[in-house]
Structures are given as C-alpha cells and as structure tokens.
Novice: 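Input: one structure, supplied below.
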Amino acid sequence: MLVLFRLKKIKIFMGKELTSRSQDYSQWYNDLIIKGQLADYSAVRGCMVIKPYGFALWENMRDVLDKMFKETGHQNAYFPLFVPKSLFEAEEKNAEGFAKECAVVTHYRLKTDPNNAGKLMVDPEAKLEEELVVRPTSEAIIWNTYKGWIQSYRDLPLLINQWANVVRWEMRTRLFLRTAEFLWQEGHTAHATAEEAVEETRRMLDVYADFAENWMALPVIKGVKSPNERFAGAEDTYCIEALMQDGKALQAGTSHFLGQNFAKAFDVKFSDKNNKLDYVWATSWGVSTRLIGGLVMAHSDDDGLILPPRIAPIQVVIVPIYKGEEQKAQIDEVVSVMMKEMKALGITVKYDDADNSRPGWKFAEYELKGVPVRIAVGARDLANQVVEVARRDTKEKQTISISGIGAYTQALLNEIQESMFNKAKVFQQEHITPANTWEEFVNILDTKAGFVSAHWDGTPETEEKIKELSKATIRCIPLDNPKEEGVCILSGKKSTQRVLFARAY
RNA sequence: CGGGACGUAGCGCAGCCCGGUAGCGCACACGUCUGGGGGGCGUGGGGUCGCAAGUUCAAAUCUUGUCGUCCCGACCA
C-alpha cells in the first residue's frame with residue numbers, strides 16, 4: 001500500500017502520470033501516444049507530428065507490408081498529391097462520397113499585404129483555372145493514368161501500390177485513429193476479368209489479416225461490408241475488423257472490388273485475345289497509420305504501451321546498474337558480448353547506459369514505451385553470471401544465466417508475441433455475443449460492448465435505423481458466415497444469417 | 001457546425017473572484033552524496049501571462065473583440 005502510494009506520488013511529480021483505462025479510456029489513449037513518444041500535436045488543426053519512436057514503428061510495419069505486397073507481385077509507384085477537380089468528379093459515387101472532406105487548392109501565389117505590414121495575403125491574380133483537390137484517395141489520378149498504360153490483355157494484370165499521404169478534412173480528429181492528414185498505402189490494380197479482380201481483392205484482404213495477426217498480434221475478423229458501409233465507388237468492400245479493449249470495433253484495413261466503375265469513368269478499355277474490347281476490372285486496398293492507434297488500444301495497459309516484438313522499434317533494452325566507473329566498465333564488457341550475440345540473432349537491442357537518468361527511471365520509461373523485454377545488469381548479477389530479464393506484457397521478472405542469453409531472449413520474444421496474440425484473441429472471442437431480441441442487443445452494447453452477432457433483414461433502411469437507435473453499425477458480414485434462418489432484431493422480418501454489429505471508432 | 005473546457009517558463013499547474021508589476025512542481029545547469037523500480041541536499045538560469053483594443057495612476061487579474069487547441073456530439077478510415 002505504502003509502496004503504491006509512493007509510486008503514484010512519484011509519477012505525479014514526474015509529470016508522466018497516465019490516466020487509467022477505467023478512469024477515462026480516451027484520455028488514457030491520448031496519454032499513451034503523447035507520453036509514449038509516438039506522436040505530438042502540431043500547429044495544424046487535426047494534423048499530428050509523428051515522432052521518431054512512432055515513425056520507427058510505422059517504418060517497421062511499412063517494411064513488412066511492403067515485402068508482402070512485392071511477394072504477391074506488386075510494384076511501387078508514386079502519383080501526384082493533387083487531383084484536378086474535373087478528374088476527381090469523373091467517378092460520381094466516389095466523388096460524392098469524399099466531396100465533403102476535401103481540401104482544395106485554389107491559388108498558386110501569395111503576396112505581401114499592402115494593408116497589413118509584414119503579412120501575406122492570397123494573391124487574387126493567382127487564381128487557378130481549375131481547382132486542385134488534395135487527394136483523399138488516389139483512384140481518380142491513377143485511373144486517369146492507367147488509361148494510357150492499358151491497351152491489351154497483355155498489359156494486365158497491372159499491380160501497383162503507392163505509399164503516400166492523403167488528406168481528409170475530418171470534423172473531429174483523434175491521434176492516429178483519425179487525423180486530417182495520414183500516411184497509408186493504397187494498392188490499385190487492373191484485371192482482365194471480374195473473377196481475377198475479386199481474387200485479388202480477397203488475396204490482399206488475406207495479406208492484411210496475416211499482417212495484423214502475425215505481426216501486430218491483433219486478431220481480426222475478415223468480412224464484407226454492408227452496402228451502407230461500402231467504399232464510395234466500390235462494388236464490394238472487404239475489411240478486417242479489430243476489437244479494442246473498451247469493446248469498440250476498429251476497421252483496420254479495407255480491400256475493395258471496384259468492378260468496372262473506374263474503368264468506365266476513365267475510359268480504360270483493353271483488347272482481349274479475341275480482339276474484343278472491354279473495360280478492365282479494378283481493385284483498391286489500403287491500410288494506414290490508423291493501425292498504430294489500433295495497436296495501442298488493443299494491447300496496452302495502465303502503465304503504458306505494450307508493443308508486439310515483431311514490429312517493436314526496440315525489442316530489448318539493457319539497463320546497467322552500477323556504482324562507480326570500475327563496475328560500469330565490467331558491465332559494459334559483458335553487455336557488449338550479450339549484444340553481439342543478440343544482434344547475430346536479428347534482435348534489435350538498445351543499451352541504455354546514459355548516466356543522466358537512473359535505473360528506476362529507465363525501467364518506468366521503457367515500460368511506458370512498450371519495449372517488450374528489459375534486461376538489467378548489475379555488479380551483483382555479474383558475480384553470479386546472471387541478469388534480470390523482465391517482460392513488458394506480463395511484468396514477470398526472472399533471473400537468467402548470461403550464457404545463452406541470446407537464445408533465451410529470442411525465445412522469450414517469440415513467446416511474448418504469441419502470448420499477446422492469444423490474449424487479444426481470447427478477448428475478441430469473449431466479446432462476440434449473440435443477441436436475439438432488440439432488448440438483448442441494446443443491453444449487450446451498453447453493458448458488455450464488443451461485437452454483437454444478430455439477424456438483420458438485409459435492408460439499408462433497417463441498418464440505418466439500428467445505427468440511429470443504438471449507435472452500432474454493421475461492422476461486417478464475416479466471410480465464413482454460416483447461414484441460419486432467423487428474424488431481424490429490429491424489423492422482425494426474415495433473415496438468412498447473422499451479421500456483426502458494434503459501436504466503432 | 002452545436003455543447004463544454006482551456007491558453008501564465010520546455011512540460012504540468014496555481015495566481016484572476018477582491019487590479020499594485022508573477023509563483024509552485026517537474027525538467028534544465030553546476031556541485032555533492034548516490035545508484036537493484038521514476039533519488040537526497042545545496043546553488044542557479046529561464047516567462048512580451050495566446051493576440052488586439054478598451055477602462056485605470058496601475059491589468060495575468062476588469063470589459064470587448066479575436067485567434068488557437070483539446071474534449072463530448074453530428075460526419076468519417
């Protein structure tokens with residue numbers, strides 16, 4: 001009790017105190033992002049600065065995904081930030097869907113303000129002939145380009161991805177989860193047949209699920225969106241849905257089958273083997289820095305971030321505990337051997353021997369930052385040829401022999417990765433609850449949250465009504481969904497299957 | 001766009017009601033004792049109080065305006 005009190009007091013004095021999840025989940029999330037050094041607020045409304053630690057995390061995620069995309073045959077390219085308005089509006093549904101949240105460039109020059117010394121004003125003389133839309137997504141500019149690249153079935157499939165920033169002028173933003181500008185990748189592919197395009201859509205959905213589960217330790221449900229939730233301009237939107245610790249769902253990635261909508265809008269035709277002209281079939285798919293928000297919310301605890309080893313910027317941190325230069329030198333020597341061993345095994349390890357903060361401070365700091373494994377090495381340990389190994393996820397500490405520490409650590413990292421996934425998976429499974437009546441449905445949402453599996457009559461009207469009454473939306477119709485006769489929880493009309501509802505971010 | 005908060009040192013805040021020329025903790029610098037869970041003691045540096053106008057002998061404090069940020073909703077990934 002006394003210890004707890006002291007610890008709490010210290011935390012307050014250090015200005016690092018975290019809001020607990022039970023106290024205020026949103027604030028807890030914000031605290032983790034800011035104090036865990038992932039990102040910072042910026043001078044621009046709704047836009048954040050991704051700090052080095054957060055960016056290192058994103059780079060790790062990006063690198064893994066990039067490799068996966070290349071292994072599935074894709075190439076990277078880069079298209080412009082700006083989209084001429086006339087191109088943007090070509091695919092009507094897509095344009096309409098994004099119109100409300102577009103930043104638009106109307107002028108290309110500033111000038112000194114004659115009425116306001118030292119200030120600049122937009123030069124009214126420099127108005128653009130045609131406004132430029134800052135891309136909220138790149139289908140328009142890309143399909144306009146593809147028109148010139150595709151003539152024959154021999155040009156297909158065209159499998160391209162780009163890493164980019166996009167801008168969506170959101171009314172309300174949240175660090176990582178919804179920022180006005182965000183980083184993402186968007187894949188845009190063109191195919192000769194609908195079947196092939198659908199196959200591509202599903203393939204990339206699998207890539208996303210694989211990445212989320214095996215790298216981020218984030219269990220997801222693969223499914224297809226209801227028409228209401230579909231991407232503007234798509235025929236079908238597939239998604240992976242994750243569950244956060246507060247029971248709210250998070251759309252973690254989407255893969256769209258675009259049919260021939262964009263090919264028609266941008267007049268992209270090809271000749272098949274029989275010299276017959278047809279529009280090409282398209283897909284697009286993307287994940288964004290939002291994944292980082294999901295990662296934080298799914299795994300972390302009241303002491304800070306908990307990052308899965310496979311994408312953590314630092315997997316192991318070594319903290320020396322010493323008195324005097326002589327002890328420090330001895331520790332340095334042993335640590336350098338340990339580090340060499342670990343690096344040879346591909347482990348990312350940091351030795352924090354900075355003398356300006358003390359061991360206890362470092363322990364707390366690396367816990368806050370979610371480093372999976374911490375190793376403390378002191379003079380006492382060296383005498384016994386051991387070190388103290390602490391894992392972040394469970395907070396367990398063990399004394400481990402120095403010989404073979406590399407292999408031990410590697411195994412531990414794997415175990416943490418697996419254990420984090422399993423824990424999240426159990427949570428997810430426990431939060432998929434069937435509801436058979438409206439009362440039950442609302443009650444589950446209000447008390448337990450998570451996914452609610454319920455019958456729905458299949459109409460957009462009912463879906464809209466449910467959303468209005470309960471704030472829950474259909475997250476997806478799971479891919480392997482069993483057929484089951486039933487009646488809609490709201491309308492009482494016939495239904496052939498249950499779908500997953502949840503309140504979502 | 002509606003509702004609610006808040007802008008005072010790098011960070012977190014007090015001071016404002018009742019005007020008198022700015023303070024606390026952390027961080028920072030130096031010294032020293034320390035070192036196995038956010039150290040102790042001592043000394044020190046750092047602020048046009050968001051911005052603008054007004055009232056006043058005097059404004060962080062009162063008045064008006066303005067800009068910005070965050071939180072909660074509506075919208076969305």
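Just so it is clear, the model here is predicted, and its values are computed rather than measured. The sequence lines fix the lettering, A, B, ..., with proteins before strands; numbering per chain opens at 1.
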Novice: For B/C18, which nucleotide in any strand shown is its Watson-Crick or wobble partner with both distances under 3.5 Å?
Specialist: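 Check on B/C18: unpaired, no WC or wobble geometry under 3.5 Å.
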Novice: Tell me which one of A/N76, A/T72, A/T189 satisfies side-chain hydrogen bond (donor to acceptor under 3.5 Å, both in side chains) with A/N161.
Specialist: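 For A/N161, the side-chain hydrogen bond (donor to acceptor under 3.5 Å, both in side chains) check succeeds only for A/N76.
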Novice: In whole angstrom, what separates A/I34's CD1 from B/C71's C1'?
Specialist: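 These atoms are roughly 14 Å apart.
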Novice: Could you give the distance separating B/G19 and B/C62 at their C1' atoms, to the nearest angstrom?
Specialist: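 Approximately 8 Å lies between the C1' atom of B/C62 and that of B/G19.
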Novice: Using Watson-Crick or G-U wobble geometry with both distances under 3.5 Å, which nucleotide pairs with B/U55?
Specialist: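 The base-pairing partner of B/U55, which may sit in any strand shown, does not exist here.
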Novice: Within less than 4.0 Å of OP1 or OP2 of B/C71, is there a side-chain N or O belonging to A/N30?
Specialist: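 Indeed, a polar side-chain atom of A/N30 lies that close.
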Novice: Taking the nucleotide of RNA chain B with the nearest heavy atom to each, does A/A180 or A/L175 sit closer to the 5' end?
Specialist: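 Mapping each residue to its closest nucleotide by heavy atoms, the 5'-most match is A/L175.
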Novice: Please state the P separation for the pair B/U69 and B/G12 - nearest whole angstrom.
Specialist: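 Their P atoms lie roughly 16 Å apart.
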Novice: Please determine whether a side-chain nitrogen of the Lys or Arg among A/R391 and A/D393 lies less than 4.0 Å from a carboxylate oxygen of the Asp or Glu.
Specialist: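 Looking at A/R391 and A/D393, the cut-off is met.
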Novice: For residues A/F88 and A/F82, establish whether the separation of their ring centroids is below 6.0 Å.
Specialist: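 No, too far apart.
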Novice: Under 4.0 Å, counting only non-hydrogen atoms across every strand here, what does A/A252 touch: a base, just sugar-phosphate, or nothing?
Specialist: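 It contacts nothing in the nucleic acid.
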Novice: I'd like to know if A/K222 and A/D206 make a salt bridge, using a cut-off of under 4.0 Å between side-chain N and carboxylate O.
Specialist: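 Answer for the salt bridge query: yes.
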Novice: Could you check A/Y505 against A/A376 and say which one's nearest nucleotide on RNA chain B is further toward the 5' end?
Specialist: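 So the residue in question is A/A376.
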Novice: With a 4.0 Å heavy-atom cut-off, tell me which residues in residues 97-106 of chain A come close to RNA chain B, sorted by residue number.
Specialist: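 The stretch gives A/K100, A/E101 as the residues lying under 4.0 Å from the strand, ordered by number.
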Novice: Looking at B/A74, which nucleotide sits across from it as a Watson-Crick or G-U wobble partner, both distances under 3.5 angstrom, or is there none?
Specialist: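 Partner of B/A74: none.
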Novice: Which atoms of nucleotides 32-35 of chain B (N or O only) lie under 3.5 Å from a protein N or O atom, and what are those distances?
Specialist:
from	atom 1	to	atom 2	distance (Å)
B/G35	OP2	A/K323	NZ	3.2
B/G35	O4'	A/R358	NH2	3.3
B/G35	N2	A/D355	OD1	3.2

Novice: Is there a donor-acceptor pair under 3.5 Å between the side chain of A/D301 and the backbone N or O of A/G304?
Specialist: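 Side chain of A/D301 to backbone of A/G304: a pair is present.
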Novice: Send over the distance from A/Y29 OH to B/C70 P, rounded to a whole Å.
Specialist: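 Atom OH in A/Y29 sits about 14 Å away from atom P in B/C70.
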Novice: Output the rounded distance in Å from CH2 (A/W361) to C1' (B/G36).
Specialist: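 The distance from CH2 of A/W361 to C1' of B/G36 comes to 18 Å, rounded to the nearest Å.
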Novice: How many Å lie between NZ on A/K51 and C1' on B/C11, as a whole number?
Specialist: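 The answer, rounded to whole Å, is 11 Å.
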Novice: Rounded to the nearest Å, what distance is computed from the CG atom of residue A/D31 to the P atom of nucleotide B/C71?
Specialist: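 Value for this atom pair: 11 Å.
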Novice: In this structure, which one of A/E235, A/E139, A/E91 forms a side-chain hydrogen bond (donor to acceptor under 3.5 Å, both in side chains) with A/N261?
Specialist: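 Only one option passes, and that is A/E235.
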Novice: So, applying side-chain contact (heavy atoms from CB on, under 4.5 Å) with A/V335, which one of A/V377, A/V349, A/D353, A/I402 is it?
Specialist: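 Of the listed options, the one satisfying the test is A/V377.
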Novice: Let me know the distance between CD of A/E365 and P of B/A27, rounded to the nearest Å.
Specialist: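 Going from A/E365 (CD) to B/A27 (P), I get 12 Å.
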Novice: Ignoring the backbone of A/D381, work out which of B/G36, B/C71, B/G37 is nearest its side chain.
Specialist: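 Closest of the options to the side chain of A/D381: B/G36.
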Novice: According to the Watson-Crick and G-U wobble definitions, with both distances under 3.5 Å, which nucleotide is paired to B/A5?
Specialist: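 B/U69 is the nucleotide pairing with B/A5.
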Novice: What's the gap between B/U55 and B/G10 when it is taken at their P atoms, as a whole Å value?
Specialist: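 One P to the other, the span is 32 Å.
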Novice: With C1' as the reference atom in both, quote the distance from B/A9 to B/U48 in angstrom, rounded to an integer.
Specialist: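 So the two C1' atoms sit 13 Å from each other.
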Novice: Touch check for A/F231, heavy atoms < 4.0 angstrom, all strands: base, sugar-phosphate only, or nothing?
Specialist: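 Here A/F231 touches no strand at all.
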Novice: Can we say A/K328 and A/E325 salt-bridge, meaning some charged N sits less than 4.0 Å from an Asp/Glu carboxylate O?
Specialist: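 No, A/K328 and A/E325 are not salt-bridged.
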Novice: Please assess A/M244 against A/Y25 for the test side-chain contact (heavy atoms from CB on, under 4.5 Å), listing each intermediate value before the final yes or no.
Specialist: CA-CA 11 Å; A/M244 305 295 103; A/Y25 193 83; 4.0 Å; yes
Novice: Is the distance between the ring centroids of A/F69 and A/W285 under 6.0 Å?
Specialist: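 That pair passes the under 6.0 Å test.
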Novice: Decide whether a cation-pi geometry holds between A/R392 and A/Y366; the criteria are a distance under 6.0 Å from NZ or CZ to the six-membered ring centre and an angle within 45° of the ring axis.
Specialist: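 Judged by the rule, A/R392 and A/Y366 form no cation-pi pair.
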Novice: Salt bridge or not between A/R503 and A/D446? Use side-chain N to carboxylate O under 4.0 Å.
Specialist: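 Salt bridge present between A/R503 and A/D446.
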Novice: Expressed in whole Å, how much space separates the P atoms belonging to B/C57 and B/C13?
Specialist: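 Those two atoms are separated by 37 Å.
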Novice: Which is true for A/T254 with a 4.0 Å heavy-atom rule: it touches a base, it touches only sugar-phosphate, or it touches nothing?
Specialist: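 Nothing, no nucleic acid heavy atom in range.
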Novice: Does the pair A/K395/A/D303 count as a salt bridge with the N-to-O cut at 4.0 Å?
Specialist: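 A salt bridge is present here (some side-chain N lies under 4.0 Å from a carboxylate O).
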Novice: When both hydrogen-bonding distances must be under 3.5 Å and the geometry is Watson-Crick or G-U wobble, what is B/G31 paired with, if anything?
Specialist: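 Across all strands, the one nucleotide that pairs with B/G31 is B/C41.
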Novice: Ignoring hydrogens, what is the shortest heavy-atom contact between A/H188 and A/S284? Give both atom names and the distance.
Specialist: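 For A/H188 versus A/S284, the nearest heavy atoms are ND1-CB, 3.7 Å.
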Novice: Are a donor atom and an acceptor atom from the side chains of A/Y322 and A/D332 found within less than 3.5 Å of each other?
Specialist: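 A/Y322 vs A/D332: no donor-acceptor pair found between side chains.
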Novice: Applying the Watson-Crick and G-U wobble criteria at under 3.5 Å, what pairs with B/C24? Answer none if nothing qualifies.
Specialist: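 B/G12 - that is the nucleotide pairing with B/C24, both distances being under 3.5 Å.
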Novice: Taking atom C1' in both B/U32 and B/C49, compute the distance separating them and give it to the nearest angstrom.
Specialist: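 Here B/U32 and B/C49 have their C1' atoms 36 Å from each other.
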Novice: Provide the distance between the two P atoms, one in B/U61 and one in B/C26, to the nearest whole Å.
Specialist: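 My reading of the P atoms in B/U61 and B/C26 gives 29 Å.
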Novice: Could you check whether A/E170 gets within reach of a base, just the sugar-phosphate, or nothing at all, counting any heavy atom under 4.0 Å?
Specialist: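 If one applies the 4.0 Å heavy-atom cut-off, A/E170 turns out to touch a base.
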Novice: Using a 4.0 Å cut-off on heavy atoms, which residues in residues 465-473 of chain A reach RNA chain B? List them by number, or say none.
Specialist: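 Here the set is A/K467, A/K471.
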Novice: Identify whether any heavy atom of A/E388 sits under 4.0 Å from a base atom; if not, whether one sits that close to sugar-phosphate; answer base, sugar-phosphate or nothing.
Specialist: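 Result for A/E388 = base.
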Novice: For nucleotides B/C41 and B/U8, find the distance between their P atoms and express it as a whole number of Å.
Specialist: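 Approximately 29 Å lies between the P atom of B/C41 and that of B/U8.
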Novice: Of the options B/C70, B/A77, B/G37, whose atoms approach the side-chain atoms of A/F182 most closely?
Specialist: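 Nearest listed nucleotide: B/A77.
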Novice: Report the base-pairing partner of B/A60 (Watson-Crick or G-U wobble, both distances below 3.5 angstrom), or none.
Specialist: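 For B/A60, the partner nucleotide comes out as none, under the 3.5 Å rule.
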Novice: Tell me: CZ of A/R45 to P of B/U69, nearest whole Å?
Specialist: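 Those two atoms, CZ and P, are 7 Å apart.
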Novice: Of the nucleotides B/G36, B/G37, B/A74, which one has an atom closest to the side chain of A/M171?
Specialist: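 Output: B/A74.
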Novice: Figure out the CG/C1' separation between A/L177 and B/C71, and round it to whole Å.
Specialist: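 Taking atom C1' of B/C71 as the reference, CG of A/L177 is at 15 Å.
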Novice: Write down the partner of B/G46 under the Watson-Crick or G-U wobble criteria, each distance required to be under 3.5 Å.
Specialist: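 Answer to the pairing question: none, since B/G46 forms no Watson-Crick or G-U pair.
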